[in-house]
Amino acid sequence: MIPFQYTKANNVADAVRLIAATSGAKFIAGGTNLLDLMKDNVERPTTLIDISRLPLGSVEETASGGLRIGALVPNSDLAWHPLIEKRYPLVASAILAGASQQLRNMASTGGNLVQRTRCAYFYDTATACNKRQPGSGCSAVNGINRGHAILGASTSCIATHPSDMCVALAALDATVHVTGSNGARAIPFADFHRLPGDTPHIDTNLGPDEIITAVEVPAKGFATNYSYLKIRDRMSYAFALVSVAAALELKDGTIQEARLALGGVAHKPWRDPAAEAALRGQAAEEASFARAADLLLRDARPQTHNGFKVDLARRAIIRTLTQAAHGTPQSQSNKTIQ
Amino acid sequence: MSMANNTAKTYTGTATSRVDGRAKVTGAAKYAGDFNEGGLAYGAVVEATIARGRITRIDASEARSVPGVIDVITHENRPRVADSDKAWKDDVAPEEGSPFRPLYDDAIKFNQQPIALVVAEEWEIARYAASLVRVDYEKQAFVTDVYRKRDDAIVVEKPDKPRGDAAKAFAAADVRHEADYFIPTEHHNPMELFATTAMWEAGGPLTVYDKTQGVQNVQQYLCSVFEKKSEEIRVVSPYVGGAFGSGLRPQYQVVLVVMAALKLQRSVRLVLTRQQMYGLGYRPATIERLALGARRDGTLDTITHEAVGTTSQFEEFSRNDTGWSALLYTSPNARYEHRVAPLDVPTSCDMRAPGAATGVYALESAMDELAVALKMDPVELRLRCYSDRDQNEDLPYTSKRLRECYREGAAAFGWDKRKAEPRSMRDGKTLVGWGMASGVWEALQMPTAVRIVMTANGHAEVSCAASDIGTGTYTIMAQVAADSLGLPIENISVKLADSTLPKAPVEGGSWIAASACHAVIATASEVRSELLRLAKLMKGSPLADTVEEDVALSDGKLVSRTQTDRGVSISDIMRHGALERIEKEKTNQVADDKAHARNTHSAVFAEVKVDEQLGVIRVTRVVSAVAAGRILNLKTGRSQVMGAVVGGIGMALHEETVYDHGLGRIVNHDIAEYHVPVNADIHDIEVIFVDEPDSLINPLGIKGLGEIGIVGVAAAVANAVYHATGVRVRDLPITLDKVLERRKAA
């Protein structure tokens, strides 16, 4: 770990002022990812601005019927929050599918959004990585890439976004509230994370002087017909090979509205309006689900070692939509997949 | 063991709780990295980032300029060390080769090789400065993939004379099965990181707290490497947080710490990072080829087992991998051959049941495939080939209750309800598979010395240089000492793992329990003799005419076995003899019995549930029936086998050290990405200890449990996955993508 300065921000304005004024500074809240990256010399902040005392720790109902989740609400508190459990169980389920209890206790809502890929080459400073060191090359393209992207990748980066919670938030059309030197703005979730293109070192559209203050979920929570299914190499504490967030609104067995997002397959949670549109008005049955899966995966381009992901994702989409349609969401405590 | 009367408590064979349990859960137990004193300096390792080549320049100037940095030790400025291979060979070093010497010269032999040690006043400073050491290399071509060296691997083991003609018998066999199996490189990943704290004292010995399975092995090695007299270095390792074989050989951190302590004349600590642990030894990636030929009735005609394992370019490490196949089952023809492929990696090393965990996985997978080909129940096939004699040496066993393992394991599992056809058993959407396998390991004993100091207040201190690597050695030695000295277990204190204590071998091979416990008995017998001698001197002694064979220690007294009302308390004897303490030291007698084979056995039954569409595998039940002689402690013994079963499940489904062979570098070198099973992966595990009396192997009839629990588990799980899915995955670990892709291909 490289020496750094440490300072505390007293309020949001203070945090913005500090980050804008300090070159190479980073915010720290739970630190569950940042500290690992600093120990491995991947992140080398000159200053850590501790934001853990900012008043961003509450969950509040909005006038439009949604919820505004403070950026510092710990992942575990959020998963077990009564309003989340009742109205947005997809979010609760996705959070509980991720990391470990200890990590969820420390990790914050805002931090979860800006966690970085777990690509092994990104972590290993002895190897080339365009995300860590722009222009150095991508070791994963010709290396071990079983866990890497099948959608939206570029020749310079094939890393995936590691979050589970973000897959659910993407499916629910959440909004990310940020504040910077130029004031506050709201970023639709789909626009928050970026595809790698030729700038894989930039993960999100958060400005360099901006801080996430809240994540807002709209009124519609799909609390009846939803499921989050994560397929991984062991039953806990492993990143997704493929994960699926599915949410349906049904009327007499017909799909009125559908949401479908994939994790573990791209540089951001993967959604495709065409796949969701294809489900609307269809019977909630396997044939419809399979068509949606094919649409969602139509541009999939696997790497050397992850050809299996395309078909696995298709199967997982069908299963998750089936679970959602039946009102039998995947349990995250009993890991048996029904 | 005989007891004088029935009122005293007997500990041996009971479920006694760990005597060190409280110290461990309260944090009182100190591990190598916990020892502290003022003025401690901290080390951080700089590792090579290439697989093979030479250091052309190493620039530590920037690192040295960091305030708080004391020194940066490299091959250019290290203190003098021994320069012969012999001096660097520890007790467990392979016979052939030139052991690795850290910071010796500019040669890079493997990725993550230590090339510099930064020593600083604080660990954080050392770690930061380590990132500032600049290194230039001359890179050379390298190979890290065992498949690329398969054809020019070196033969390390084959019998002098093969049994019959295996190839000819195979060609003529009614039913044949032939296949390759693969076990990838695996790392031990003990919970405790490798660590050494060396306490330097002017004029005194250097006290080295080290994470090791053999303090005397490390002590002798350090004296040899640093050309020191025996009394100048003492090695201590009271607690070890798991090792699984990784601590059998001295690891490089102990060399670096001693080097720094001697050079700087300061106390130094070095704790490796989890990532750096992947620069140490590992279970070698091994390609196993099995060829079995049988008659239609299920009797074996021929077994061929060939293996190619991984080693470094500088040492030939291997363990018996293929010999088990020729040993276990009756077969008139058998041939085995083990070869090693030298690669640009560190030397491989022992990992729980070395050789057997891999070799028997392949054998028992092949036996399952043969059973399928024969349309025969897998247990029935093993009974048809059952052997009451060691097939390699043609010797009877001191005891072998493998048949009972099959029977009791099968009964507990409910094996008779198994439907033979793959994919024929279901639980809703999931496919259910039942598989089984046999396990086998050795029952060895090694010369081990124990000292007992008995004091007049009825307490005894039992000491020995052996380590307890978490297996329960403290506890079983206390149990056996309490019984042999006739004292409550609370009155026994056990001291272990200090190189100045009586001589013990490294803690491995499952031999410590039998060796150390019989050394306790031998020494306790000396204590008893001394007490009898003193008792006879007492005026009007009730034991005046009693002979040695007729006395026992029980309930704090020396008593006659035949006339139990005749006895004298230990404290009275010692008071009369005006003795404060009786001190005895004795080595166990290891019988040189060449007329018998000595082995432990097991039968493992596993149930898996596999999601047909998604390929997700869960091991929902395991029954492990173990025949390992008398079990000293049913509680720690059961825990040990359960832990081994978890290790076997990991081997089957999760564990793999993934190399990028293009870079010659491990990519998953941390325990987030190197997967071992987590709690959610583990369900019911039932351990059965089959009653196996053995009056030939040693007086207590004990065989050791350290390895046998893992042998066969991976095969049982793999066979269950086949039974569930109809897909035979022959390269571990069995991940869901392999099951799905091969099902599609089938």
Side-chain angles (χ1 to χ4, degrees), chain A residues 1-4 36 38-41 44 99-101 103 118-121 123-128 139-140 142-147 162 229-239 241-242 244 286 305-309 311-316 318-320 322 332-338, chain B residues 47-50 66-67 111-112 123-125 127-128 130-132 273 275 427-430 609 611-618 620 649-650 653-654 656 658-663 665-673 675-683 733 735-741 744:
Chain A
M1 198 182 292
I2 290 162
F4 56 89
D36 276 354
M38 287 170 69
K39 287 178 189 171
D40 284 343
N41 295 331
R44 303 169 178 222
S100 67
Q101 183 66 60
L103 287 165
R118 295 318 197 273
C119 172
Y121 300 101
Y123 272 73
D124 185 351
T125 54
T127 65
S139 299
N142 295 311
I144 302 295
N145 50 36
R146 178 172 176 268
L229 178 61
K230 180 177 183 179
I231 309 296
R232 51 193 145 176
D233 282 323
R234 63 180 170 189
M235 293 296 172
S236 181
Y237 195 53
F239 291 97
L241 294 167
V242 168
V244 187
E286 185 167 333
H305 301 130
N306 68 3
F308 72 95
K309 274 195 178 186
D311 193 39
L312 180 64
R314 184 177 185 277
R315 290 162 182 241
I318 294 168
R319 181 70 64 86
T320 316
T322 306
Q332 303 301 347
S333 51
N334 176 352
K335 315 280 180 182
T336 308
I337 300 170
Q338 296 296 340
Chain B
E47 297 176 314
T49 56
I50 65 166
V66 175
N111 229 316
Q112 293 196 263
W123 183 66
E124 289 79 5
I125 296 170
R127 190 166 172 161
Y128 166 54
S131 73
L132 302 176
T273 65
Q275 287 86 342
D427 172 14
K429 276 196 198 70
T430 57
K609 293 190 175 172
D611 188 288
E612 194 174 359
Q613 272 86 44
L614 304 171
V616 176
I617 303 166
R618 290 180 307 134
T620 44
I649 292 171
L653 301 184
H654 306 112
E656 177 178 17
V658 180
Y659 275 90
D660 181 325
H661 292 305
L663 298 172
R665 203 167 160 81
I666 295 167
V667 295
N668 61 340
H669 58 310
D670 63 56
I671 46 174
E673 298 299 327
H675 289 169
V676 296
V678 294
N679 268 319
D681 295 300
I682 302 302
H683 300 276
T735 49
L736 61 90
D737 49 322
K738 292 179 187 172
V739 173
L740 290 176
E741 295 292 292
K744 274 200 291 185

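To find a chain, count down the sequence lines: A is the first, B the second, and so on, and within it residues start at 1.
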Okay, B:Gln613 and chain A: the region with an atom under 4.5 Å from a heavy atom over there is both
What's the shortest heavy-atom distance between A:Asn41 and B:Ser131, and which atoms?
ND2-CB, 3.3 Å
Contact class of B:Asn668 relative to chain A, heavy atoms under 4.5 angstrom
neither
With side-chain hydrogen bond (donor to acceptor under 3.5 Å, both in side chains) as the criterion, how do A:Thr336 and B:Arg618 come out once you've worked through the C-alpha distance, each side chain's angles and the decisive distance to 0.1 Å?
CA-CA 8 Å; A:Thr336 308; B:Arg618 290 180 307 134; 3.0 Å; yes
Atom group of B:His669 that falls short of 4.5 Å from chain A, counting heavy atoms
side chain
If you define the side chain from C-beta out and look only at heavy atoms, does anything of A:Ile144 sit under 4.5 Å from B:Tyr659?
no
Check whether B:Val66 gets within reach of chain A through its side chain, its backbone, both or neither, counting any heavy atom under 4.5 Å.
neither
Residue selection (most heavy-atom pairs with chain B, distance under 4.5 Å) from A:Pro3, A:Ala120, A:Ala238, A:Ser100
A:Pro3
Below 4.5 Å from any heavy atom of chain B, which atoms of A:Leu241 appear? Answer side chain, backbone, both or neither.
side chain
Are the side chain of A:Arg118 and the backbone of B:Glu673 linked by a donor-acceptor contact shorter than 3.5 Å?
no
What part of A:Ile231 is in contact with chain B, defined as an atom under 4.5 angstrom from a non-hydrogen atom: side chain, backbone, both or neither?
side chain
Can you name the closest pair of heavy atoms from B:Ala672 and A:Arg234 and give their distance?
O-NH2, 3.6 Å
Under 4.5 Å to a heavy atom of chain A? For B:Val616 that would be side chain
Quick check on A:Lys309 against chain B: is it the side chain, the backbone, both or neither that has a heavy atom closer than 4.5 Å?
neither
Of the listed B:Thr430, B:Thr49, B:Asp611, the one with the largest count of heavy-atom pairs under 4.5 Å with chain A is B:Asp611
More than 12 heavy atoms of other residues, nucleotides or ligands under 6.0 Å from CD of A:Gln101: is that the case?
yes
Residue pair A:Arg146, B:Asp737: steps toward the salt bridge (charged side-chain N to carboxylate O under 4.0 Å, His left out) verdict
CA-CA 10 Å; A:Arg146 178 172 176 268; B:Asp737 49 322; 2.9 Å; yes
Top of A:Lys335, A:Met235, A:Gln338, A:Lys39 for chain B proximity - count of heavy-atom pairs under 4.5 angstrom:
A:Met235
Cut-off 4.5 Å, heavy atoms of chain A, and the answer for B:Lys744 is side chain
Give, as side chain, backbone, both or neither, the part of B:Glu612 having an atom under 4.5 angstrom from any heavy atom of chain A.
backbone
In terms of heavy-atom proximity below 4.5 Å to chain A, should B:Ile649 be classed as side chain, backbone, both, or neither?
neither
With A:Arg315, which residues qualify under salt bridge (charged side-chain N to carboxylate O under 4.0 Å, His left out), at least two apart?
A:Asp311
Straight-line distance of B:Ile671 CD1 to A:Tyr237 OH, nearest 0.5 Å
7.0 Å
Does any backbone or side-chain atom of B:Ile125 lie under 4.5 Å from a heavy atom of chain A? Answer side chain, backbone, both or neither.
neither
Given a strict heavy-atom distance threshold of 4.5 Å, which part of B:His675 is in contact with chain A: side chain, backbone, both, or neither?
both
Run the side-chain hydrogen bond (donor to acceptor under 3.5 Å, both in side chains) check on A:Tyr123 and B:Asp670 step by step: do they pass?
CA-CA 11 Å; A:Tyr123 272 73; B:Asp670 63 56; over 6 Å; no
Beyond-backbone contact of A:Tyr121 with B:Leu663, side-chain heavy atoms, under 4.5 angstrom
yes
Evaluation steps, side chain to side chain contact (heavy atoms under 4.5 Å, CB included), between A:Asp124 and B:Gln275:
CA-CA 10 Å; A:Asp124 185 351; B:Gln275 287 86 342; over 6 Å; no
